[in-house]
Amino acid sequence: MRIIQACCKLGLDFVCVYTAEDEASGHLSLARELGGQAFRISSYHDANEIMAVADHAGATAVHPGYGYFAEDYRFARRVCERTRPMIWIGPSWRVIRTLGDKINTKRLARSLGVPTVPGSDRPVYDELEAEEIADSLFRFQAEQGIDLARVLVKASAGGGGMGIEEVHNLDHFKTVYRRIRNYSKRQFHDEGVLIEQRILDFNHLEVQIAADRHGSIAHFGTRNCTIQSTGRQKRVEIAPGFAPDQIKYSFDAAKVLDDITNHSLAIAKEVGYDNVGTWEWIVTPAGQPFLMEVNTRIQVENGVSAAISRLKGQPGVDIIKEQIRMGLGDPMGFTQQDITFEGIGIEYRIIAEDPANRFTPWVGRIDRFNPPQAPWLSMHSQIPQDKPYVIPTEFDPNLALAIIWGKDLAEAKSRGVEFLDRLVLQGQDQEGNPMKSNIAFLREKTSDILVF
Amino acid sequence: MQDVKAILEEIKASPYEEVAILAPHAGKVQFKVAGEGTKVYAPSGTWREKPGTLLASLERERNPRPITCTRKGEVQSVNTQLDGTFVEAGTPLMVLRHFFTKEEVTQAILKKVLFLFPAPERAKYLFAPEVDKKVKVSGCQSIKVKDGMDLFIVSRMKREKPLAYNGPDGILYAVYFSYDQNVDAGQPLVSVCPENQMDMIRDVVNRVQSDWEERE
Amino acid sequence: MDIEKSTQELADRLQYIQDIFGSRQPGDVALLAEKLAEFRAREQAEGMPQKVKLLAQIQDLFDFVEKKLDAELVPMDKVRIVRHPQRITLKDILEFVYDNYTEIGGQDEYSIDPSMVIARAYITRRIGDKVHNQPVMVIGQEKGHGQEFRNGGSVKPWGNAKALQYMKVAETENIPIHTYVFTPGAFPVEDYPGAAQQIARNLYEMAALRVPVVACFSEGGSGGAEAIALADTRLMLSHGYYSVISPEGAAAIESGIRQGQRAPVSMIEECAERLKITAADNLRMGYIDRVVHEPPLGARPHHYDFFKRLRQEMIMATDEAFLGVKGLGLIRGMALKRRKKDAVADPESMFVRWVLDEGAADRLVWKRYSKFRNMAKGAMRDKTPASRRLTDSLQQVSWSTYSYLRYEFLRTYGKKLMTLAEETRAEAGVVLEKVLRPFKSGGARKVDTQTIQKLTELSCAEEGICLTGDWDGGYVSPKAREDKAVTCPNASTHGCLDLWAPDLFGDFAGVCQYCGHHFPMEYQWFIHNVLDKDSAIEFGQDVEAGNPLDYPGFDQKIEEAKRKNKIKSSCLTYEASIDGVKIVIGVLVAPFRGGTVGAAEGEKFIRALSRARKKHYPFLAYVHGTAGIRIQEGTNGVIQMPRATMAVRRYIEAGGLYTVLYDTNSYAGPVASFLGCSPYQFSVRSANIGFAGPGVIKETTGIDIAPDYHKAYNALARGHIQGIWDRREIRNNLVQAFQTIGGRNLYYR
């Protein structure tokens, strides 16, 4: 939806695709309303469908959205290298490939002196070497005064949580190492493992980067995404990442923000980054940042950064619009000096789920959805306000995204609470039980945002 | 219990069902069958290794993919105006008329006259271990079910829980699920026949076998 | 005199003649029919003496015409002769050639495989007043004069297994083996032990049997024949045939007809001619040693003289085999020579003890190897210049010397040196530890800056930042240059989405991302992307596939294959390394005439094996694909089965590690010999492995087989292969295999 709106702002024609399950979805009606074409396809995961529709409609560029294909360098490569090439709205596929590999990213960061999680930066094959690394990691943590020292053993060929185990002390290391090594060998035919420090207590920060195709790189500040569900899904994002002028931290928070911003820019420069992207960091209670990974795509939470950004002093920044514009080859047209920041932004993700019960998704029908209106609030939602809506079971039950702005932390927090209190959201499931949502959870979390 | 004869007559009155062929994906369609009345065939061969009649091809990204017939019958209508054009996924391409086979008619009648135990939710279903053993050895009709008997195991999201049968006592006549496939809520899992009606059921089967003429 | 019986015999003879000439009936046959009818008509009226006279006349006429017709026989007639129910069978031979016998493990249909007959027989020789009973193991296919259960002599895998078992028994008992080949081909089923795999096992074992083997061919149908025919002396009946494929099979391939149809008769006759299948042809090409002459129009059970001749030939061949390795006494040798010259002399008049001592057995095996090694030399084109040949042979000597020093000399003496060094080092360690201990203990638990650096800074910077950096370069399949989507054959059952060709044939190595289905890839993919980069160096390019039988039209076809594939034969041989381990590789390239094996391919394979043996490298047979033996080369191709298998055996016995890796379709002769005999056969998921393809199985056995019958997983389940690999994991698996199977000491015992 936001992509469609951005296209309209830029005066561009657009085509969108949808599946049978999404027949009732908001993006489809918006697209039709705004005079764009829409085609039904069999699956969002089938690249062939997207290419076929693009050719048929004569599209000249592809925006992959937030998900699935956005970080798939093969998809990006296909868009650019097919017989009828199109413009890829995103960083070039080579960049996606380089930064898509976590080991590569880690080594790249280290080569630039950017701090990363202590541990190995290459697959370890030798048991003695592995044990030595683990041993030094335990001693290293002991020295820093960390009580609950933990070491992670990961299958280097794995990903997505498979083949990762935690070790509490060196005596257990050998057993775990062997188990992971054998698992990795069975599963991926590779015996390599990674050994890293496990950081238990941290804040999750992000740096929003934007670049054009001509070598200009700028940032749109930082975000704090520490408030998450048990499954490590973000629920509240705040821009900027810390508020040193309003909250007291045990470390120099302003310097941390500067450091991670500069490190992120350095890496972006090194790889020739040429579109928008997010650098994910974790910051320890001691104020030590570590680079985690780079998301080579626009993220859902870009809006909260836009909310506090002022371009040449003006509000109303649209990072998606800038992404499309620069992706199509336009020069940036502004410099870092033109970007200033004002106030605090909070983004809430309103989701049909039960926070008390491990955030289990809730399935049912929404009867009433009535968000309040305010000049400091912007909403993104595909839920219709005039008729009941059955949540499709195929996708995550994301209902709405609310971005709240306040001139300082106190105002932002009180507006946030006000918004949540005035929001009307009712529905029932098949058995007639009332709807469950995370509104109360969001409200409770609002009180201690940005506190570390 | 409904009158079997009446049901059979009802089916005889319209001995076929219409099968709509939809575009499985986007692409340029090219029809490969002549219009109305053309006979089309389902996959054949000992292992179903010979594909059914080629109905159309749908070309996407320079890759023409065949759409073949899965059930025997004849062509009822073809949306010929689409020939050579780009179609979206799910576009109706043609309608086939499938004549019921003896097996299908029998099943249709049995589903109407027998007690069907429905699946309470979408999940995979299995028989409880003892029942499973018996079914594997002597077939499902060796099982006598009673109300409240632990008959199934529901397997969903890798979690398993027992499910008790409730309904009339009788013999397990047929099984409609397999361990590796999800069953939607409300779909029948098994059909149960009261013991005293087994003879009548056999009669149905025999009657269909002798009365029903399969159309070529 | 029983006129009636004699007349009936004549009628049978006439019927036989009509049968063997098939559709082509020469005028003489009509004449015989006419005369016989005439005789029958007149015979009633005549008196006894006249009857006898007339009968004698007509019998003479038959004899005369048969003799005349014998000269007119075309190859296809001979095929009909050996297949005729009246053709002599192994049982007849056991009855009339040997003095006594006991059949082992079979009584008519009560046998594990009635088409394979085993018997312990003996030959009695009377020298002076002494009687010698000389035992032999007789093994052969039994066609049984048309008995249904004999399956026409088409032996099932377990029948060949039984044959092998008794060859080993003969070896233990130290008695010679006589084999009789009466088979149209093996029964092509994959049930354990598997048609191809069992034949391969037979060949491998026969290659080094320590007792003499004499084989006699009547009907030698390809692989089925080879299963028992790897012999020291190979005799052939003059009206038999020995061929790579049945003429019908060749004609079916030649005319490109579909399954279930019949090739035209004229085409079948022509193929029989072209394939050079007769005894005379095979004698000329050197694949048999001698021809045993049969009576006109082929031996039948009533030809007692023939059995006597066959007995003498078999005895003589066995004698020669023994004497040839026994360390000939001078007088004996002269006697034997004289006997050869004077063919009428009775071999039974001289006694040769059929027993070998250890040394003689060694010589026997070596002689057998040399015999096969020297076959088919003229059937390929070796364009290696003379100067290169000389340097090549000198180089080989130097490899052998080097290997000797490296592996033999050092093993014995090096070990001692090593142990000494290790002991010294251990002692030094103890001393050092004692000296240093006071200094070390204090700071042991502290983390020094160097350790912290190790944990937080870039390691091994010299290797570059991107460790998985081998993204560009390597071999890219031409299929990866097309902008199109490809549908996986399992899409309907596994829900695979279409794959973009550049991804599929590039990054994914031809493997469906969703279900793991393997699409075929080019052999170059393996050479460039599995082996160490740029490590493969080809050798033996100068040996070229030819057209040894001057098969009509084949010159163009083979030239076309050479031009299209830019290689000279379907077998490419390389020296290469994989993860630093040096290996020799023999590749069978599928696009070159289906990866078929002929004389050139066999020779290259053998030379590569010998290179690996001399250099002490492991050998990998990478079967990109093979459809079998190249039929247009006839027996020049078939003979590669025993030849290459013997070379494999020699390599393995010298301590080599012989590994086979199948990639796509791998069928027939090569699998049934030098590939199937490997104890380590692995397969990429995409492979189909077996003896005969589905079409041939349907044709020969009438059995419909499931589409997945030959799939690698089924081959694994049947015990034919030892493992299945994902194509993307070939390299890792190979390294692993070399390490675990070969051991640290470079794959040599």
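The chains referred to below are lettered A, B, ... by the order of the sequence lines, with proteins before strands, and numbering in each begins at 1. Since the structure is predicted, the reported quantities are computational estimates derived from the model, not experimental observations.
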Could you walk me through whether B/F117 and B/F152 pass the ring pair (Phe, Tyr, Trp, His ring centres under 6.0 Å) check? CA-CA 11 Å; B/F117 183 72; B/F152 306 102; 5.5 Å; yes
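- Residues B/E59 and B/R65 fail the side-chain proximity criterion, which asks for heavy atoms closer than 4.5 Å.
- Residues of residues 43-57 of chain B lying under 4.5 angstrom from chain C, judged on non-hydrogen atoms, are B/T46, B/W47, B/E49 by number.
- Cation-pi check for C/K479 over C/F505 is met; the charged atom lies under 6.0 angstrom from the ring centroid and within 45 degrees of its normal.
- Ranked by heavy-atom pairs shorter than 4.5 Å toward chain C, the options B/E61, B/R60, B/R62 are led by B/R62.
- Ring centroid separation for the pair C/Y667 and C/H710 comes in under the 6.0 Å cut-off.
- Of the listed residues (C/D708, C/I705, C/V486), the one with the most heavy-atom contacts under 4.5 Å to chain B is C/I705.
- Taking the side chain as every heavy atom from C-beta outward, C/D191 and C/R718 never approach each other to under 4.5 Å.
- Every ring pair (Phe, Tyr, Trp, His ring centres under 6.0 Å) that B/F86 has, sequence neighbours left out, goes to A/H56.
- B/V131 places a side-chain heavy atom less than 4.5 Å from the side chain of B/M149.
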